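Quick caveat: nothing in here was measured; it's all calculated off a predicted structure. Remember, it's 1-based here, ligands and their atoms both numbered in the order they're listed.
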Amino acid sequence: MDRQRIILGIESSCDDTAAAVVRGVPGAAEVLSSVVYGQADLHAAFGGVVPEIAARAHAEKLDHAVEQALGEAGLDLSGIDAIAVTAGPGLIGGVLSGVMCAKGLAAARGLPLIGVNHLAGHALTPRLTDGVAFPYLMLLVSGGHCQFLLVEAADRFQRIGGTIDDAPGEAFDKVARLLALPQPGGPHVEREARSGDPARFRLPRPLLDRPGCDMSFSGLKTAILRARDEAMAGSGTLSTTDRADLCAGFQAAVTDVLTEKSRRALEHYLTLGPPTPTLAVAGGVAANAAIRAGLQRLCAGLGVTFLAPPLDLCTDNAAMVAYAGLERLAAGAVDDLSLGARPRWPLDERSPAMLGSGKRGAKA
Ligand code: KG4
Ligand code: ZN
């Protein structure tokens, strides 16, 4: 049995400045504190994350986030065994801020420094929340990520599909913009969709006619633009019903694509004969009730456990970074002060690069 360790995690790869403390061993850890300072208000006027503003805000907030996370855990740095930090992929200015902060703390206190891949943080979250055994299937769906990962070990991930253009959250956000709904758009589109008719507009189900688990969402957004213009053609305005029907149609199309591609990913995964078959989701889009219900139904039919970690651990946070650091520390994989910040860092170096990017730039 590994000895219990206490890890301080730091995350600053996009628009959340986060610090957290996690204690435990691989597969059995607890979150002692998790602090997230969002930056939504700083970027709101620009319609997206502005890298320079993000980097500056991280540099200003990181110290406070770390102090608060340690305080809420009832610790100071003398109680910490190692410092884990997101070293990529992400917006380079933000990643650099986090890495510099972590290096400073590690050097000052003589603590081990561990560079973590942000996507590994998301992908290992089911082990933090539920101690899920390998191998499991992970669907990452957020504003910046969309991929199926076979998680074979803490340092072995196989990407078996992903988006070739927009991430689903990005598509939700763009559709919200087209329909004059606030940002981030996902929750607003979901709310409108509740009263809409998903069948009124004929929308595509991109790439379902092609084998495999790759996905595409940018055409769907263009289809919504056309349908919106047609609906407005007569009166020049978009009625509440039109808007609800467009949202319902879009959400149904995304749900169909994610569910069908998940079915294919699960078929492949099940051929490996996993002892405890599990599909886990992470990312902000996993908050969508219709998408969750679709995945839940699919899993129930296949005898697979469906796992959606609590939302604050599904979206960007530092507890996942601390936990991924815990797994690496237990494996003896520690970095030194030469640790670099990587804008691009595919989890599965063996798979070909994806064409798609998402709002944070190409990642995998
Ligand atoms: O994981 P997250 O907080 O940050 C990223 O890594 O991007 O995800 C944010 C994304 C946004 O695009 C947002 O519109 C989407 O998740 N989102 C949703 C819902 N809640 C958040 N999309 C669909 N339905 C929702 N209820
Ligand atoms: Zn993320």
**Request:** Show your working on side-chain hydrogen bond (donor to acceptor under 3.5 Å, both in side chains) between Gln251 and Asn288 and close with a plain yes or no.
**Result:** CA-CA 9 Å; Gln251 183 174 273; Asn288 187 286; 3.0 Å; yes
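The aromatic ring centroids of Phe201 and Phe250 lie 6.0 Å or more from each other.
An N or O contact shorter than 3.5 Å is missing between Cys314 and ligand 1 by distance. At under 3.5 Å, a nitrogen or oxygen of Gly284, whether backbone or side chain, sits near a nitrogen or oxygen of ligand 1. Not a single N or O atom of Pro184, backbone or side chain, sits closer than 3.5 Å to an N or O atom of ligand 1. Looking at ligand 1, you won't find any N or O of Thr315 less than 3.5 Å from one of its N or O atoms.
Of the inter-residue distances, the one linking Lys261 atom NZ with Met215 atom CE reads 7.5 Å to the nearest 0.5 angstrom. One finds the OG atom of Ser12 at 13.5 Å from the NZ atom of Lys61 (value rounded to the nearest 0.5 Å).
We find that Asp335 and Arg328 are joined by a salt bridge, their nearest charged nitrogen and carboxylate oxygen being less than 4.0 Å apart. With respect to Arg156 and Asp348, no salt bridge is recorded, no charged nitrogen being found less than 4.0 Å from a carboxylate O. Salt-bridge formation is not detected for the pair Arg56/Glu60: no Lys NZ or Arg NE/NH1/NH2 atom is positioned less than 4.0 Å from an Asp or Glu carboxylate oxygen. Between Arg263 and Glu260 there is a salt bridge, since at least one side-chain N of the basic residue sits less than 4.0 Å from a carboxylate O of the acidic one.
Close approach to Gly283 involves these atoms of ligand 1, each under 4.0 Å from a residue heavy atom: 1 (O). Which parts of ligand 1 touch Gly144 is read off a 4.0 Å heavy-atom cut-off, strictly below it: atoms 7 (O). Those atoms of ligand 1 with a heavy atom of Asp173 less than 4.0 angstrom away are 11 (C), 12 (O), 13 (C), 14 (O). Atoms of ligand 1 found under 4.0 Å from any heavy atom of Phe172, numbered from 1 in the order shown, are 22 (N), 23 (C).
Take the Zn ion (ligand 2) as the corner point: the lines to NE2 of His122 and to NE2 of His118 open at 90°, to the nearest 10 degrees.
Screening residues 290-315 for side-chain hydrogen bond (donor to acceptor under 3.5 Å, both in side chains) gives no qualifying pairs among residues at least two apart or on separate chains.
Cys14 lies apart from the Zn ion (ligand 2) in this respect, since none of its N, O or S atoms is found at a distance under 2.8 Å.
With a 4.0 Å heavy-atom cut-off, ligand 1 is reached by the backbone of Asn288 and by its side chain too.
For Asp316, the N, O or S atom closest to the Zn ion (ligand 2) goes by the atom name OD1.
Here atom 25 (C) of ligand 1 lies nearest to Gly186 when heavy atoms of Gly185, Gly186, Cys14 are compared.
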